[in-house]
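Labels below follow one simple rule: chain letters A, B, ... track the order of the sequence lines, proteins then strands, and each chain is numbered from 1.
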Amino acid sequence: MESTALQEQVTLLELVDRVLEKGVVLSGDIVLSVADVDLVYLQLRALLASVGTIERLREQEGHGS
Amino acid sequence: MLHLYAVIPGASELPPALAGLDGAPVRRVAAAGAVACVASEHAVPEVRPTEERVLRHAAVVEAVAAVVPAILPARFGDSFAGAGALAARLDERSTELAAGLEAVAGSVELGLRIASRSDVDVADQAAEAPSTGRAFMEGLARRADETRAIHEPLARLAERATTDRSGTARLLLTASYLVRRGRVDEFRREVERLQEQHHELALVCTGPWPPYSFVPDALARV
């Protein structure tokens, strides 16, 4: 469906979103600072695809009309 | 401190020798009849998120999900002072957790992002031509119709679905679908079919994931 590289990039972003923002919180309290969370996204920034990149990659792959 | 990865059925076993954050062994901790917890023990009061720890947390959830009939992933940072506190909490919420496990058993989560591929998107048009307020509103309505035309057939193939429209002007929709394992291929084919119908949009489907987005509401709140 999508190229491996594109799929991997979006998948990594989606993985981090799920681990940090979804799931049960049994303790009722998640003690993560905004700085901690920002740092994770910063560390992954080189690997994350912006929506603009998704478009460019799709066009490069010949999906453009 | 115990770092929680997931809740599983009380009778389920873990894969052997599973390594968690910072190499700590992952164990079943506490059980209250129908439910049990998956956790690792750490000698520090908190384990802060890093790229490596986040990926390891996800890897543990995936490894456990592969060998159990149902799983409720835990959010990173869900921690307890000790096994006693965890056992007490598990006991309090065991009914809801058991029902939550039953609701996701046999299903996986698939993610979808819908992005606009148009060269000039609706928000840009509005910024350049404030007198075309009507055109702007019509553009928004058109986009809502398009995302609905994609979301609805996919939601029909799912047990449950959630959507988030709070994205950017170009990210039209982020959605998650709880899909029976046996229907995943059919779901993906439907995404491909919808992509062909809507070549002006980019549809990116990810997964399958453990059901992070489909845990009981009351237990998803901080």
Side-chain angles (χ1 to χ4, degrees), chain A, chain B residues 4-7 37 45-46 48-55 57-58 61 72-80 85-86 89-90 93 97 100 109 111 113 115-117 167-168 170-171 174 176 188 191-192 195 199-200 202-207 209-216 219-222:
Chain A
M1 185 190 324
E2 292 289 341
S3 76
T4 304
L6 170 60
Q7 203 54 40
E8 280 177 6
Q9 290 186 48
V10 175
T11 295
L12 190 55
L13 170 60
E14 298 241 325
L15 182 154
V16 174
D17 280 353
R18 283 175 169 81
V19 169
L20 291 181
E21 295 173 31
K22 303 286 175 71
V24 292
V25 182
L26 215 53
S27 65
D29 187 22
I30 295 283
V31 187
L32 299 184
S33 70
V34 170
D36 283 341
V37 172
D38 284 351
L39 185 59
V40 174
Y41 282 102
L42 273 176
Q43 287 170 338
L44 289 164
R45 191 171 60 182
L47 304 174
L48 296 180
S50 67
V51 172
T53 304
I54 290 173
E55 288 185 35
R56 282 197 297 281
L57 284 171
R58 286 192 64 80
E59 279 152 27
Q60 283 165 21
E61 291 155 36
H63 286 274
S65 50
Chain B
L4 190 65
Y5 299 90
V7 173
C37 284
E46 63 173 5
R48 296 171 71 167
T50 61
E51 176 191 348
E52 185 182 343
R53 286 180 179 147
V54 166
L55 295 178
H57 180 102
V61 176
L72 295 173
R75 192 173 314 177
F76 192 108
D78 193 9
S79 62
F80 288 81
L86 177 52
R89 186 76 176 134
L90 196 65
R93 309 311 288 258
L97 289 166
E109 177 171 336
R113 291 189 181 229
S116 167
R117 295 181 62 244
T168 65
R170 288 189 182 276
L171 179 59
T174 301
S176 290
R188 283 186 170 140
V191 173
E192 287 181 17
Q195 175 67 91
H199 43 78
E200 75 290 359
L203 272 56
V204 184
C205 181
T206 64
W209 305 101
Y212 284 89
S213 305
F214 297 103
V215 302
L219 292 167
R221 289 188 221 127
V222 177

Enquirer: Which answer fits B:R221, side chain, backbone, both or neither, if we ask what part of it has an atom under 4.5 Å from a heavy atom of chain A?
Expert: backbone
Enquirer: A side-chain contact here means heavy atoms from C-beta on lying under 4.5 Å apart; do B:V61 and B:Y212 qualify?
Expert: yes
Enquirer: Are A:L26 and B:C37 side-chain neighbours, meaning at least one heavy-atom pair lies under 4.5 Å?
Expert: yes
Enquirer: Is chain A contacted by the side chain of B:L4, its backbone, both, or neither, given a heavy-atom distance below 4.5 Å?
Expert: side chain
Enquirer: May I ask you to say whether A:R18 pairs ionically with A:E14, meaning some side-chain N is under 4.0 Å from a carboxylate O?
Expert: yes
Enquirer: Answer with side chain, backbone, both or neither: which region of B:E109 has an atom nearer than 4.5 Å to a non-hydrogen atom of chain A?
Expert: side chain
Enquirer: Looking at chain A, which one of B:G100, B:S213, B:A85 has the largest number of heavy-atom pairs inside 4.5 Å, strictly under?
Expert: B:S213
Enquirer: Should the pair B:R113-A:D17 be classified as a salt bridge under the 4.0 Å nitrogen-to-oxygen rule?
Expert: yes
Enquirer: Heavy-atom pairs under 4.5 Å with chain B - which of A:D29, A:D36, A:L32 has more of them than the others?
Expert: A:D36
Enquirer: Tell me whether the count of non-hydrogen atoms from other residues, nucleotides or ligands lying under 6.0 Å of CZ in B:R48 goes above 12.
Expert: no
